[in-house]
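Remember, it's a predicted structure, so these values are computed and weren't measured experimentally.
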Amino acid sequence: TYVRVNHRDDHPTVSTTRRPLDDGARYFGPFFSGLSVRRALKYLRRIFPYSTHTKVVPKRACLQAHLGLCPGLEDDPSKIDAYRNDLKNLMRYLKGDRTELMRSLERDMRAASADHAFEEAAKIRNKLLALKSLRKQIVFGDRESLDISKDEGLMGLSALLGVPVPRRIEGFDISHMSGTDTVASMVVFVSGVPDKAAYRKFKMRIPGNDDFAHMHEVVQRRLQKKYESQWGKPSMLLIDGGKGQLSAALKARNEKEYDIPCIGLAKREEEIVVHKSQSNVFVDHAELHRLGGFVTESEDFLVLLLPRNSHIVKLLQRIRDESHRFAVSYHSVLKVKRQTSSLLDDVPTIGPETRKKLLKTFGSMKGIMQARDWELEKVIGVKRAAILKQYIRAQQRQSK
């Protein structure tokens, strides 16, 4: 379960979901007990009131607003700034910055008291007291409270590959459709937990359908020296793919003069692929045997196969699947954007502002193509609607 906060919306809300999307909202998780998350949010809502009206916003303040659990923007829109500040503090709590959050609230309380705003100071004091008592009631599995030594996947990976516990693992994947709209994703897991704020996406500069060349490009671009201070240095690179993709990534890493451990995960059998001399890992065969796995060896590579229920395999699968999801979602966005713009760009009298108006009204190119004549005429006028319909019919005939 993830906690979703769409803090940028006109009417921000907090909710839970099992499928995070690239929709501009902030996601926190995953948490493995949905019941615990909902119970925790119930307590947190008393301290940081939030709205749950994700679909229909009521015309007047709801019962939760009267109980002090919702900001009540329906009755008083001017509360939006204070509400966003509460959401900001809630997100800091979820992210694990609890100590700094409490220090910040203490500073605000002292400042309010010094300005003789005693009512405001009392409200902040009550939040502080509630936050202190909250620790006895709920525990979030975030970065602050996570004991990395208890994460069996990370500890097992460290023991198997003879490396320090990899606190920051970066996963890479490539996505395209027959060599078009090729993109790469970089996802970041810190202490075994996804850090979505650190995710990055890359539009590939090398044309065509060449996974090896694209993997080389994305790793080379990520490991530029300027990004080490901005993004941090990874403890390990996980490449989605087998020997070819791993070799391309290793070549890029070596060109940038890094010695970061780098391994691959092949999809078909969930095999861990290791280069004997360049992956910068040292496979412990006794540990591999203890885990119930075995190894196949070639001239340059070791391919490790562990039981599917292994904590190591599950950890690597989570990272690989997340990098794949993130790459596919970005590729889909570019593909839809290209397809939409390619048709509308060709239509005479349809300029940028008209395109925006059409997309805003009908939601997508599919919606525009399915719109009735009178609906188009209402939005862009009779003459332009007639021209657009001619192009749409021509497009539909070509696709049959």
Side-chain angles (χ1 to χ4, degrees), residues 1-17 20-29 31 34 37-135 137-138 140 142 196-197 356-357 359-361 363:
T1 298
Y2 293 83
V3 179
R4 178 182 183 272
V5 185
N6 59 338
H7 60 296
R8 294 178 181 173
D9 284 17
D10 295 334
H11 193 103
T13 59
V14 177
S15 57
T16 59
T17 180
L21 302 170
D22 299 316
D23 56 1
R26 290 288 303 275
Y27 289 88
F28 302 88
F31 303 107
V37 170
R38 288 188 288 274
R39 185 182 297 127
L41 288 175
K42 180 181 175 183
Y43 288 117
L44 285 167
R45 195 174 185 184
R46 298 174 188 173
I47 306 169
F48 306 114
Y50 59 78
S51 172
T52 57
H53 304 301
T54 55
K55 294 182 179 179
V56 178
V57 179
K59 294 181 180 179
R60 57 185 180 181
C62 61
L63 174 62
Q64 304 299 325
H66 293 295
L67 294 174
L69 301 176
C70 181
L73 296 180
E74 301 81 13
D75 280 354
D76 188 358
S78 65
K79 293 180 179 178
I80 185 66
D81 291 335
Y83 178 34
R84 289 191 194 280
N85 189 58
D86 268 349
L87 284 182
K88 180 181 175 183
N89 288 331
L90 173 63
M91 289 190 289
R92 289 174 69 180
Y93 189 93
L94 295 173
K95 200 166 64 173
D97 299 337
R98 300 176 193 171
T99 304
E100 182 55 36
L101 169 61
M102 295 179 78
R103 287 175 184 163
S104 176
L105 288 174
E106 285 175 355
R107 288 194 295 268
D108 292 344
M109 181 179 67
R110 287 195 293 269
S113 181
D115 292 340
H116 302 287
F118 298 116
E119 187 175 344
E120 179 64 22
K123 288 180 181 178
I124 300 173
R125 179 204 61 202
N126 293 339
K127 287 185 178 183
L128 276 168
L129 293 173
L131 282 173
K132 288 176 181 177
S133 65
L134 201 59
R135 290 188 176 185
Q137 298 168 4
I138 64 169
F140 266 110
D142 54 32
K196 289 183 175 292
K356 287 181 184 177
K357 189 185 294 185
L359 289 170
K360 186 176 181 180
T361 304

Just by distance, no angles: are the side chains of D9 and N6 close enough, under 3.5 Å, to form a donor-acceptor pair? yes
In Å and rounded to the nearest 0.5 Å, what is the OH to CD1 distance from Y83 to I80? 7.5 Å
Of all the heavy-atom pairs spanning T17 and R4, show the shortest one and how long it is. CG2-CB, 4.4 Å
When the side chains of residues 113-123 are checked against the rest of the protein, which donor-acceptor pairs come out under 3.5 Å, sequence neighbours left out?
none

Heavy-atom distance under 4.5 Å between the side chains of L87 and F48, does that happen here? no
Please assess T16 against Y2 for the test side-chain contact (heavy atoms from CB on, under 4.5 Å), listing each intermediate value before the final yes or no. CA-CA 6 Å; T16 59; Y2 293 83; over 6 Å; no
Could you report the tightest heavy-atom contact between R60 and E74, atom names first, then the distance? C-CB, 3.6 Å
Flag the pair R45 / C70 as yes when at least one side-chain heavy-atom distance between them is below 4.5 Å, and no otherwise. yes
Would you name the heavy atoms of P12 and H7 that are closest together and state the gap between them? CG-O, 3.8 Å
Please determine whether the number of non-hydrogen atoms from other residues, nucleotides or ligands lying under 6.0 Å from atom CZ of R84 exceeds 12. yes
How long is the straight-line distance from CE of M91 back to CG of N89, given to the nearest 0.5 Å? 9.0 Å
Interatomic spacing from CZ in R46 to CG in L41 - rounded to 0.5 Å: 12.0 Å
When rounded to the nearest 0.5 Å, the distance separating CD1 of I124 from CZ of R110 is 11.0 Å
When every non-hydrogen atom of K196 is compared with those of Y27, the smallest separation belongs to CD-CB, 3.5 Å
Go through the steps for L73 and H11 under the test side-chain contact (heavy atoms from CB on, under 4.5 Å), then give the verdict. CA-CA 8 Å; L73 296 180; H11 193 103; 4.1 Å; yes
So L90 and L44, do their side chains get closer than 4.5 Å, heavy atoms only? yes
Distance alone, cut at 3.5 Å: any donor-acceptor contact between the side chains of H53 and T13? no
For R92 versus S104, what's the shortest heavy-atom pair and its separation? NH1-OG, 3.8 Å
Using every non-hydrogen atom in the two residues, find where P49 and G68 come nearest and quote the distance to one decimal. CG-O, 3.4 Å
With rounding to the nearest 0.5 angstrom, report the CG to CG distance, N85 to D108. 7.5 Å
